[in-house]
*Asks:* 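Below you'll find the structure I mean.
The basis for the numbers below is simple: all heavy atoms, side chains too, and nothing from hydrogens, waters or symmetry mates. Counting begins at 1 with the first residue of the sequence.
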Amino acid sequence: MEGVEDEVDRLVAAWGVERPDLDIEPLHVLSRVSRLARHLDRARRAAFVAHDLESWEFDVLTALRRAGRPYQLSPGRLLRATLVTSGTMTNRIDRLAAAGLVERHPDPQDKRGVQVRLTEAGRRRVDAAFADLLERERGLLGGLSSAEQRQLAGLLRTLIVPFDADAAEPGPPA
C-alpha cells in the first residue's frame, strides 16, 4: 500500500538514523512477520477459548482429526506430530481422556501398545474450533487478494523450507 506507513516503517526509520552503519533491510520483512505472528497467536487463542480448548489440546486433537477415520494414532505418532516429550504427551492424553475428548484403545498390532482415538465429542469440538480459527485467519488475510495470498504463501515457503529440513534431520540442529 503506497503512502501508508506502519509501525515497522517507523522503527526501521528510527534504526536508520541511530545505526546508519548497519544494513537494516531484513527488518522490513521479518519485523512484519513477527508482528503478524503475534496477531495470529491472538486470533488462535481467541478461537480456542471460544471452544473451551487450550492450544496444546487443539494440537493433539487436530493431529488425531487429520489422521482420518477412525481418528486414532499411537502416542509415539502423536508426540512426533506435536513435538513434545513422551512424559508431556502422557499427561496430555490423560487430561484429554478425563475431559472425554479422547479414549485409549489396545493396539491390535502391539499387545503392549495403545492407540489414542478421538471421541465424537472431541471431533465435534475440534471441528468447530478449526472452522472458527479459519474464519479468524481469513480476517487476518482480508487485505490480500487470492492471488496475493498464493504469492505470499510461496515466498514464505521458500523461507521456511530450509528450517523444516533442518528440523527433520536427526541429531543436534545445524
*Asks:* Taking atom CZ of Phe130 and atom CZ of Phe48, what is their separation to the nearest 0.5 Å?
*Replies:* 10.0 Å
*Asks:* Would you give the length of the straight line joining atom CG of Leu118 to atom CZ of Arg66, rounded to the nearest 0.5 angstrom?
*Replies:* 11.5 Å
*Asks:* So Val116 and Pro75, do their side chains get closer than 4.5 Å, heavy atoms only?
*Replies:* yes
*Asks:* Does the distance from a Lys or Arg side-chain N to an Asp or Glu carboxylate O, for Arg10 and Glu5, drop under 4.0 Å?
*Replies:* yes
*Asks:* Would you say the side-chain atoms of Arg157 pair up with the backbone N or O of Leu152, donor to acceptor, closer than 3.5 Å?
*Replies:* no
*Asks:* For the atom pair NE2 (His51) and CD (Glu57), what is the distance rounded to the nearest 0.5 Å?
*Replies:* 13.0 Å
*Asks:* Assigning hydrophobic clusters by single linkage (Ile, Leu, Val, Met, Phe, Trp, Tyr; side-chain heavy-atom cutoff under 4.5 Å), is Leu11 placed with Ile24?
*Replies:* yes
*Asks:* Should the heavy atoms of other residues, nucleotides or ligands under 6.0 Å from CD of Gln151 be counted, would the total exceed 12?
*Replies:* no
*Asks:* Evaluate whether atom CD of Glu7 has more than 12 neighbouring non-hydrogen atoms of other residues, nucleotides or ligands under 6.0 angstrom away.
*Replies:* yes
*Asks:* Which pair of non-hydrogen atoms, one from Asp132 and one from Ala50, has the smallest distance, and what is that distance?
*Replies:* OD2-CB, 3.8 Å
*Asks:* Is the backbone of Asp6 close enough, under 3.5 Å, to the side chain of Asp9 for a donor and an acceptor to pair up by distance?
*Replies:* yes
*Asks:* Test of understanding: clusters of I, L, V, M, F, W, Y form through side-chain heavy atoms closer than 4.5 Å, transitively. Do Leu22 and Leu27 belong to the same one?
*Replies:* yes
*Asks:* Measure across Ala63 and Leu73 and return the closest heavy-atom pair with its distance rounded to 0.1 Å.
*Replies:* O-CD1, 3.6 Å
*Asks:* Check the hydrophobic clustering (I, L, V, M, F, W, Y; side-chain heavy atoms under 4.5 Å; chains of links allowed) and say if Trp15 and Val12 are grouped together.
*Replies:* yes
*Asks:* For the residue pair Pro70 and Arg117, establish whether any side-chain heavy-atom pair is separated by less than 4.5 Å.
*Replies:* yes
*Asks:* Just wondering, more than 12 heavy atoms not from Arg65 lying within 6.0 Å of its CZ?
*Replies:* yes
*Asks:* If you compare all heavy atoms of Ala97 against all heavy atoms of Arg104, which two are closest, and at what distance to 0.1 Å?
*Replies:* CB-NH1, 4.4 Å
*Asks:* To the nearest 0.5 Å, how far apart are CG in Asp107 and CD in Gln115?
*Replies:* 4.5 Å
*Asks:* Determine whether Leu53 and Leu101 make a side-chain contact, defined as any pair of heavy atoms from C-beta on separated by less than 4.5 Å.
*Replies:* yes
*Asks:* Working to the nearest 0.5 angstrom, can you tell me the gap between Leu83 CG and Leu78 CG?
*Replies:* 11.5 Å
*Asks:* Look at the side chain of Thr88 and the backbone N and O of Val84, then say whether any donor-acceptor pair between them is shorter than 3.5 Å.
*Replies:* no
*Asks:* With sequence neighbours left out, what residues match Asp59 under side chain to side chain donor-acceptor pair (under 3.5 Å)?
*Replies:* none
*Asks:* Going from CZ on Arg136 to NE2 on His39, what distance comes out if it is rounded to the nearest 0.5 angstrom?
*Replies:* 15.0 Å
*Asks:* Is Arg44 paired with Glu137 through a side-chain N to carboxylate O contact shorter than 4.0 Å?
*Replies:* yes
*Asks:* Any link between Leu134 and Val126 through a network of hydrophobic side chains (Ile, Leu, Val, Met, Phe, Trp, Tyr) touching at under 4.5 Å?
*Replies:* yes
*Asks:* With no hydrogens and no angle check, is any side-chain donor or acceptor of Thr62 less than 3.5 Å from a backbone partner on Phe58?
*Replies:* yes
*Asks:* Where do Leu144 and Glu148 come nearest, in terms of heavy atoms and distance?
*Replies:* CA-OE1, 3.3 Å
*Asks:* For the residue pair Val60 and Met89, establish whether any side-chain heavy-atom pair is separated by less than 4.5 Å.
*Replies:* yes
*Asks:* Is Trp56 linked to Leu79 within one hydrophobic cluster, defined over Ile, Leu, Val, Met, Phe, Trp and Tyr using a side-chain heavy-atom separation of less than 4.5 Å?
*Replies:* yes
*Asks:* Ignoring hydrogens and angles, tell me if any N or O in the side chain of Thr119 forms a donor-acceptor pair with the backbone of Gly100 under 3.5 Å.
*Replies:* yes
*Asks:* Could I get the full list of side chain to side chain donor-acceptor pair (under 3.5 Å) partners for Gln149, not counting sequence neighbours?
*Replies:* none
